Amino acid sequence: LFDSTLSADALVCRNIRDSGGTCNYCSGHGSCGTTGDCQCDKNFFDGPEGACSQTCEVSSNGKICSGHGNCMKTGGTTSCACEFGFRGSDCSLACPGILETGDICSGHGNCVVDYSIENPTASCVCNQKFRGPACEIECPGDFVACSGHGTCDSAGICTCNQPDNGVEWVGRGCTCS
């Protein structure tokens with residue numbers, strides 16, 4: 001009569017206990033196997049509170065590792081292993097460009113996180129020829145910005161050098177003298 005109100009885990013546990021074994025409910029984050037051992041759900045591990053009781057902190061969006069990583073346990077400590085393009089202790093910091101193009105820093109730089117500030121942020125350190133918050137602006141020039149003969153601004157426009165020796169660099173990429 002009461003069997004229909006029990007969960008599958010509870011039925012397995014009851015049968016194991018009836019046979020003289022021990023079983024637990026896996027802290028609500030796993031399934032009880034036929035031997036009474038817990039098989040933890042993804043991102044859950046055995047912890048001091050019991051089987052399948054330990055996980056990473058839930059992020060502000062209500063998901064473990066912000067939904068952009070997996071909780072791992074090493075040496076008794078849990079931490080997030082973030083997906084490609086996400087950073088931070090809870091994987092909540094998207095690298096510039098990753099959500100728009102699928103490339104970190106548009107494929108032209110490295111994503112870094114400044115943890116020295118109260119609210120850490122992810123930003124790009126662009127390769128030499130690129131500018132913009134996601135390294136999306138390419139400066140003109142052969143191999144290097146402004147062909148090495150000028151300065152490229154944040155809009156990708158070169159201001160050519162005018163050296164003392166009388167050589168004048170001109171053109172969009174400062175390539176002609």
Side-chain angles (χ1 to χ4, degrees), residues 27-30 39-48 52-177:
S27 303
H29 300 289
Q39 300 298 315
C40 297
D41 294 339
K42 179 181 175 183
N43 296 320
F44 284 87
F45 307 93
D46 294 345
C52 305
S53 65
Q54 192 173 15
T55 190
C56 295
E57 288 185 40
V58 175
S59 302
S60 60
N61 67 358
K63 298 178 181 178
I64 295 170
C65 300
S66 296
H68 295 291
N70 290 312
C71 184
M72 308 293 280
K73 184 176 179 181
T74 306
T77 304
T78 57
S79 62
C80 292
C82 300
E83 293 173 353
F84 176 78
F86 290 86
R87 305 282 191 276
S89 60
D90 65 352
C91 305
S92 63
L93 302 173
C95 292
I98 195 69
L99 298 175
E100 298 79 14
T101 67
D103 286 328
I104 294 172
C105 302
S106 304
H108 302 296
N110 294 312
C111 180
V112 296
V113 177
D114 182 359
Y115 289 105
S116 69
I117 58 177
E118 186 175 335
N119 294 312
T121 57
S123 61
C124 292
V125 175
C126 300
N127 297 344
Q128 198 274 343
K129 241 185 124 173
F130 294 87
R131 306 289 186 271
C135 306
E136 71 279 13
I137 300 167
E138 184 174 4
C139 296
D142 297 329
F143 306 108
V144 295
C146 308
S147 302
H149 304 294
T151 305
C152 184
D153 67 16
S154 61
I157 298 171
C158 289
T159 301
C160 300
N161 294 337
Q162 301 304 318
D164 294 334
N165 64 7
V167 175
E168 185 176 339
W169 296 100
V170 294
R172 188 172 167 268
C174 303
T175 55
C176 299
S177 62

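Nothing here was measured: the structure is a model prediction, and the numbers come from that model.
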Seminar exercise, completed: Closest non-hydrogen contact found for P120 with V113 is CB-CG1, 3.9 Å
Exercise. So, does N43 use its side chain to make a donor-acceptor pair with the main chain of C71 at under 3.5 Å?
Worked result: yes
Exercise. Could you give the distance from SG (C56) to NZ (K73), rounded to the nearest 0.5 Å?
Worked result: 11.0 Å
Exercise. Do C124 and C105 pass the disulfide (SG to SG under 2.5 Å) test, and can you show the C-alpha distance, the side-chain angles, and the key distance before you say yes or no?
Worked result: CA-CA 6 Å; C124 292; C105 302; 2.1 Å; yes
Exercise. Under 2.5 Å between the SG atoms of C160 and C146: is that the case?
Worked result: no
For this session: Starting at NE2 of H29, measure out to SG of C40 and round the result to the nearest 0.5 Å.
Result: 10.0 Å
For this session: Assess whether disulfide (SG to SG under 2.5 Å) is satisfied between C152 and C158, documenting all intermediate values.
Result: CA-CA 4 Å; C152 184; C158 289; 4.9 Å; no
With a 3.5 Å cut-off and sequence neighbours excluded, list the donor-acceptor pairs that the side chains of residues 88-99 form with protein atoms.
from : atom 1 : to  : atom 2 : distance (Å)
D90  : OD1    : S92 : N      : 3.2
D90  : OD1    : S92 : OG     : 2.6
D90  : OD2    : S59 : OG     : 3.4

Problem set entry | Heavy-atom pair of closest approach, residues Q54 and G76 | NE2-O, 3.3 Å
For this session: Quick one: list whatever passes ring pair (Phe, Tyr, Trp, His ring centres under 6.0 Å) with F45, sequence neighbours left out.
Result: none
Exercise. In Å and rounded to the nearest 0.5 Å, what is the OG to CD1 distance from S106 to I137?
Worked result: 9.5 Å
Exercise. Tell me the ring-ring contact (aromatic ring centres under 6.0 Å, His included) pairs involving residues 110-147, sequence neighbours left out?
Worked result: H108-F130
Problem set entry | side chain to side chain donor-acceptor pair (under 3.5 Å) partners for E136, two or more places apart | none
Exercise. What closest approach, in Å, do I117 and D114 show between heavy atoms, and which atom pair accounts for it?
Worked result: CG1-O, 3.4 Å
Problem set entry | Partners passing side chain to side chain contact (heavy atoms under 4.5 Å, CB included) against Q128 (at least two apart in sequence or in another chain) | V144, A145
Seminar exercise, completed: Between C174 and H149, the two heavy atoms sitting closest are O-CD2, 3.5 Å
For this session: Using atom types as modelled and distance alone, determine if a side-chain donor or acceptor of N110 lies under 3.5 Å from a backbone N or O of V125.
Result: no
For this session: List in chain and number order the residues that pass salt bridge (charged side-chain N to carboxylate O under 4.0 Å, His left out) with K129, two or more places apart in sequence or in another chain; answer none if no residue qualifies.
Result: E138
Exercise. Between D46 and C52, is there a donor-acceptor pair closer than 3.5 Å when you use the side chain of the first and the backbone of the second?
Worked result: yes
For this session: State, yes or no, whether a side-chain contact exists between D153 and T159 at a heavy-atom distance under 4.5 Å.
Result: no
